[in-house]
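Data first, discussion second: the structure below is written as structure tokens.
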Amino acid sequence: MTILRAVKGMNDLFCPELNIWQKVEKTTAEIFSAYGFQEIRTPILEELSLFVRSVGEETDIVGKEMYVLKDRDEKLLSLRPEGTAGVVRAVIENNKVGLDGEMKSFYIGPMFRRERPQKGRLRQFHQIGAEFLGVSEPTVDVEVIAMLHDLLSALGLQNLRLILNTLGQPEERVDYAKALYDYFVLHADNICSDCQRRLQKNTLRILDCKQPHCIKIAEEAPLIQAFLSEESLSHFDEVQAGLSRLAIPYEVSPRLVRGLDYYNRTVFEMVASLGLGSQNAVAAGGRYDGLVKKLGGRDVPAFGFAAGIERIVLLLAEQVDAAPANLLDVVLIYADSVGKEKAFELLYDLRRKNMKADLDHKGRSVKAQMRRADRLGSKTVIVLGEKEVQEQRGQLKLLSTGETLSVSLLGSAIEEALKIS
RNA sequence: GUGGGUGUAGCUCAGUCGGUUAGAGCACCAGGAUGUGGCCCUGGGGGUCGAGGGUUCGAUUCCCUUCACUCACCCCA
């Protein structure tokens, strides 16, 4: 059996499920534009160095998960593993941050990471993201989080928790990481092997470990609060106050750490308490004040997030009535060749009047055509044969009740009848 | 990259302690009603039992390898 298959971790999407995607995308555009965000589309392929510089050379995403390819001119390109870097690059390159220094954009599109697929994780996956460039005030953090919160609740997602933390400014974080290292190195013999690796490579991540004995040791670890400046502390306080004013529930977790290098101060995650298996983060984001400058732009502060569409759809698919059926208005059924000719004629006429009309091309029995109409979810059928063509009248049958009404085949009589039924 | 689970009809799954034509439900097709769906009845089509190799008189079943899917770890949306 040597059939061709899709690349591992890259899925095809078909219709009842795709209807949920369409709903997610439509709701996103509606809500985000209410917040003054405009859509932006950037290439899927970027120069490799963009991600190395933004996401961070030491991160797993860049270190081992990127799809890298060599262009014909030897230039190294990469399929984007996340959306922020491309947006920032595009905004700088096209000089889109105006004199007021602000830019609010959102995007929807595929991202690529070469990981081992599992529930809620694919190699080609899709994100909804938003980036607010140009403002360092904490009310921006609140606005963007609120927008995400509105989207997720408009979609009807329940059992989500907003988890918040602050990472301070880069220099504050360096001090903190040092303190954490000094603490955990004393317990090096008692932490898991993954954490021993993290100790050298990414000390903050130890806080994130799921192993019970590591959690226990982490509970006694120093907290970042002691290392934060006045400004960072009050920024975080104002974010919390702002969320509270909007009645958006949140939890502060000193254990929340982000994987990308560019974050500073506020970071957050929306996690599902059930339904997603262990990949339970539906969305995550935070502030990244240094990134624009790092990529060659002016010193522009920023805040953003990304949400995983597959994970959202996974949660929505559990709820009923998520996928509305795509009903046909009418199926034209023919009993003989005269009826078939008439059926084709009426078919295109109805379609041009924006009625959802269809027929069976295969020339099967009336019974088979009826069954097909029923299966396709048509509201009505009309059976056409020599008699109907001669009389210029037919029976319009409502499939839900079985009742029929006589309609003229002339003019727009069918169309009128369909509108009423 | 590491570990576990699963591969039998379009779908969901039985089954074979190694043995002749491999089953069910659903779906599909046809007929019963020769021009009216859903329910019911009758019949029908459809499977190289994931692939390759080994053991055996004989393998879908046992062994090895491999591939795919899936879940978890790492990491992350």
Side-chain angles (χ1 to χ4, degrees), chain A residues 1-9 11 55 58-66 81-84 108-129 148 152 192-195 197-198 201-202 205 208-211 256-260 268-272 276-285 304-315 331-336 338-340 360 362 364-388 394-404:
Chain A
M1 213 199 287
T2 56
I3 56 164
L4 292 168
R5 5 174 78 260
V7 174
K8 185 199 282 286
N11 287 172
V55 177
E58 295 302 316
T59 61
D60 276 15
I61 291 177
V62 167
K64 50 188 221 196
E65 295 172 3
M66 275 210 296
E82 59 98 47
T84 302
I108 300 177
M111 306 295 161
F112 304 83
R113 293 181 199 168
R114 200 181 183 292
E115 301 181 89
R116 192 80 164 258
Q118 69 187 73
K119 185 174 182 132
R121 175 207 275 162
L122 293 163
R123 289 184 175 182
Q124 174 174 335
F125 61 105
H126 298 76
Q127 287 186 333
I128 293 167
L148 173 63
L152 298 176
C192 70
S193 56
D194 282 326
C195 281
R197 183 173 46 79
R198 292 178 183 122
K201 208 181 141 198
N202 193 346
R205 278 240 157 262
D208 208 26
C209 185
K210 291 166 194 154
Q211 299 292 331
L256 177 65
V257 181
R258 302 272 62 237
L260 287 59
F268 73 98
E269 263 184 18
M270 286 280 193
V271 303
L276 281 185
S278 65
Q279 308 306 313
N280 64 351
V282 174
F305 70 81
I309 300 183
E310 281 83 356
R311 293 182 184 181
I312 290 173
V313 170
L314 224 42
L315 292 173
V331 168
L332 300 169
I333 289 173
Y334 46 89
D336 51 43
V338 177
K340 188 168 186 177
D360 187 349
K362 284 188 280 199
R364 298 186 296 172
S365 68
V366 171
K367 179 175 179 162
Q369 294 183 60
M370 285 292 298
R371 250 205 315 271
R372 174 174 174 277
D374 187 48
R375 204 171 358 108
L376 292 178
S378 184
K379 278 192 273 197
T380 66
V381 299
I382 301 178
V383 180
L384 299 163
E386 218 168 327
K387 185 177 113 219
E388 285 79 6
Q395 296 290 318
L396 181 72
K397 181 168 187 175
L398 298 169
L399 291 182
S400 53
T401 62
E403 63 182 305
T404 60

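Each chain gets a letter, A, B and so on, in the order its sequence line appears, and its residues count up from 1.
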Whom does [N] pair with, Watson-Crick or G-U wobble, provided both distances fall under 3.5 Å?
N	answer
B:A24	B:U12
B:U6	B:A68
B:G1	B:C73
B:C57	B:G19
B:G45	none
B:C40	B:G32

Within-4.5 Å side-chain heavy-atom neighbours: [X] and [Y]:
X	Y	value
A:Leu314	A:Lys119	yes
A:Ser365	A:Met370	no
A:Val7	A:Arg123	no

### Message
Please determine whether side chain to side chain contact (heavy atoms under 4.5 Å, CB included) holds for the pair A:Glu82 and A:Ile61, giving the CA-CA distance in whole Å, both sets of side-chain angles, and the decisive distance to 0.1 Å.
### Response
CA-CA 9 Å; A:Glu82 59 98 47; A:Ile61 291 177; 5.7 Å; no
### Query
Which residue, A:Gln211 or A:Gly9, contacts RNA chain B at a nucleotide closer to its 5' end, judged by nearest heavy atom?
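Here A:Gly9 is the residue nearer the 5' end.
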### Message
Both A:Glu269 and A:Arg114 contact RNA chain B. Which one's nearest nucleotide lies toward the 5' end?
### Response
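Its nearest nucleotide being more 5', the pick is A:Arg114.
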Using a cutoff of under 3.5 Å, can you pull out all pairs of nitrogen or oxygen atoms linking the protein to nucleotides 34-38 of chain B, with atom names and distances?
unit_1, atom_1, unit_2, atom_2, d
B:G35, N1, A:Glu388, OE1, 2.9
B:G35, N1, A:Glu388, OE2, 3.2
B:G35, N2, A:Glu388, OE1, 3.4
B:G35, N2, A:Glu388, OE2, 2.5
B:U36, O2', A:Lys397, NZ, 3.0
B:G37, O2', A:Asp374, OD2, 3.4
B:G37, N7, A:Lys397, NZ, 3.2
B:G37, N1, A:Leu399, O, 2.3
B:G37, N2, A:Asp374, OD1, 2.9
B:G37, N2, A:Leu399, O, 2.6
B:G37, N3, A:Asp374, OD1, 3.3
B:G38, O4', A:Asp374, OD2, 3.3
B:G38, N2, A:Ser400, O, 3.4

### Message
Can you give me the closest heavy-atom contact between A:Arg198 and A:Cys192, atom names plus distance?
### Response
NH1-SG, 4.4 Å
If the [atom1] atom of [N] is compared with that of [M], how far apart are they to the nearest Å?
N	M	atom1	answer
B:A27	B:C73	P	39 Å
B:A9	B:U60	C1'	14 Å
B:A24	B:C49	C1'	16 Å
B:U12	B:C71	P	14 Å

#### Entry: Criterion side chain to side chain contact (heavy atoms under 4.5 Å, CB included) against A:Ile382, the qualifying member of A:Ile333, A:Leu332, A:Thr404
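Considering A:Ile333, A:Leu332, A:Thr404, a side chain to side chain contact (heavy atoms under 4.5 Å, CB included) with A:Ile382 is found only for A:Leu332.
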Can you figure out which of [options] approaches the side chain of [X] most closely?
X	options	value
A:Phe125	B:A30, B:C73, B:A77	B:A77
A:Asp194	B:C69, B:C75, B:C73	B:C73
A:Glu65	B:A77, B:G31, B:C75	B:C75

### Task
Using a strict cut-off of less than 4.0 Å between a Lys/Arg side-chain nitrogen and an Asp/Glu carboxylate oxygen, indicate whether A:Asp360 and A:Arg364 qualify as a salt bridge.
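Here A:Asp360 pairs with A:Arg364 in a salt bridge, since their nearest N and O are under 4.0 Å apart.
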### Task
Rounded to the nearest angstrom, tell me the gap between atom CD in A:Glu115 and atom P in B:A72.
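The distance from CD of A:Glu115 to P of B:A72 comes to 13 Å, rounded to the nearest Å.
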### Query
OP1, OP2 of B:C74 versus side-chain N and O of A:Arg198: anything below 4.0 Å?
yes
### Query
Between A:Gln118 and B:A72, is there a side-chain N or O to OP1/OP2 distance below 4.0 Å?
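Yes, such a contact exists.
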### Task
Decide yes or no on side chain to side chain contact (heavy atoms under 4.5 Å, CB included) for A:Leu315 and A:Val282, but give the supporting numbers first.
CA-CA 9 Å; A:Leu315 292 173; A:Val282 174; 3.7 Å; yes
### Check against side chain to side chain contact (heavy atoms under 4.5 Å, CB included), A:Asp60 and A:Lys201
CA-CA 11 Å; A:Asp60 276 15; A:Lys201 208 181 141 198; 3.3 Å; yes
### Query
Can you tell me if A:Gln118 and A:Arg121 form a side-chain donor-acceptor pair at under 3.5 Å?
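A donor-acceptor contact under 3.5 Å links the two side chains.
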NA contact type, [X], heavy-atom cut-off 4.0 Å: base, sugar-phosphate, or nothing?
X	answer
A:Ala373	nothing
A:Gly120	base
A:Leu122	base

### Message
Is it the case that B:C29 (base atoms only) and A:Arg364 (side chain only) share a donor and an acceptor within less than 3.5 Å, ignoring hydrogens and angles?
### Response
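Not at all, since no donor on one side and acceptor on the other fall under 3.5 Å apart.
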Protein N or O to nucleotides 2-9 of chain B N or O, pairs below 3.5 Å:
unit_1, atom_1, unit_2, atom_2, d
B:U2, O4, A:Arg116, NH1, 2.5

### Task
Begin with the C-alpha distance, continue with both residues' side-chain angles, and end with the deciding distance and a verdict on side chain to side chain contact (heavy atoms under 4.5 Å, CB included) for A:Met66 and A:Arg114.
CA-CA 6 Å; A:Met66 275 210 296; A:Arg114 200 181 183 292; over 6 Å; no
